[in-house]
Amino acid sequence: MRLFIAIELPEQARNALVGLRCDIPGARWVPREQIHLTLSFLGDVDDDGVTRLTNRLSRIHVPAFTLRFGESGCFPDRRRPKVLWVGLEHELRLLDLAAKVHVAVKDCGIELEERPFSPHITLARIKMPKPGEADIFLDRHIQKKLPSLAVREFILFQSRLTPEGAIHTPVRSFPLAA
Ligand code: 3AM
């Protein structure tokens with residue numbers, strides 16, 4: 001199973017993020033129901049690995065928390081904006097959760113990229129970006145218009161690749177502490 005671990009966003013937040021779409025040629029906007037905050041991308045994991053992983057993830061203890069949106073940005077940079085995203089303020093409990101998820105995944109023998117966690121929500125991808133093409137999106141002061149998010153759980157998702165795009169299915173959810 002091709003897996004990733006993420007925080008699902010409430011409908012209201014997803015609607016607000018859809019409202020940030022703008023006219024950028026070649027941008028593929030993430031469908032409303034798929035907008036999420038990735039904690040870790042795992043890639044393919046076999047059935048035994050999934051069992052070990054769900055056991056291990058269910059032992060993570062982090063209290064529930066609230067997230068606030070931050071600035072928008074793009075990867076890798078404005079000259080080549082391939083991924084357009086909205087950032088989140090660096091809430092300590094989010095960083096703690098991401099770090100604990102990372103350790104749990106590695107404890108299960110799953111190899112991960114050692115890139116530092118950079119909290120963001122991907123809204124669009126541009127396959128062949130031109131310099132400055134995303135500036136119209138990046139120059140908005142996004143954080144003023146978006147609601148804050150109450151985070152009470154994180155979710156292990158399966159991602160199936162199809163010619164029509166990825167299909168995300170929740171495998172199991174893990175509640176945060178009260
Ligand atoms: O939420 P973001 O955009 O950061 O880009 C994919 C998305 O991340 C990423 O996993 C998240 C859920 O699909 N992803 C997909 N394939 C990947 C790969 N091979 C990947 N991340 C790293 N390596």
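Whatever order the structure lists them in is the order used to number ligands and atoms, beginning at 1. None of these values were measured; they are calculated from a predicted model. Numbers here are sequence positions counted from 1.
- Phe41 CD1, 3.2 Å is the protein heavy atom nearest to atom 10 (O) of ligand 1.
- Heavy atoms of Arg2 come nearer than 4.0 angstrom to ligand 1 in at least one pair.
- Looking only at side-chain heavy atoms (C-beta outward), Leu17 and Leu146 come within less than 4.5 Å of each other.
- Listed by number with element, the atoms of ligand 1 under 4.0 angstrom from any heavy atom of Glu113 are 22 (C), 23 (N).
- Between Leu94 and the options Val62, Leu37, Thr66, a side-chain contact (heavy atoms from CB on, under 4.5 Å) holds for only Leu37.
- The shortest contact between atom 6 (C) of ligand 1 and any protein heavy atom is with Arg125 NH2, 3.7 Å.
- Annotation: Ser159 places no N or O atom under 3.5 Å from an N or O atom of ligand 1; distance criterion only.
- A distance-only check finds a donor-acceptor pair linking the side chain of Glu91 to the backbone of Arg93 [under 3.5 Å].
- Shortest contact from atom 3 (O) of ligand 1 to any protein heavy atom: Thr122 OG1, 2.5 Å.
- Counting heavy atoms from C-beta on, the side chains of Glu113 and Phe41 never come closer than 4.5 Å.
- In terms of protein heavy-atom proximity, atom 4 (O) of ligand 1 is nearest to His120 NE2, 2.7 Å.
- No hydrogens or angles considered: a donor-acceptor pair under 3.5 Å links the side chains of Arg2 and Ser159.
- Between Val101 and Phe154 there is a side-chain heavy-atom pair separated by less than 4.5 Å.
- Heavy-atom contacts of His36 reach the following atoms of ligand 1: 1 (O), 12 (C) (cutoff under 4.0 Å).
- Looking only at protein heavy atoms, the nearest one to atom 11 (C) of ligand 1 is Thr38 OG1, 3.5 Å.
- Without hydrogens or angle criteria, Lys100 side chain to His61 main chain gives a donor-acceptor distance under 3.5 Å.
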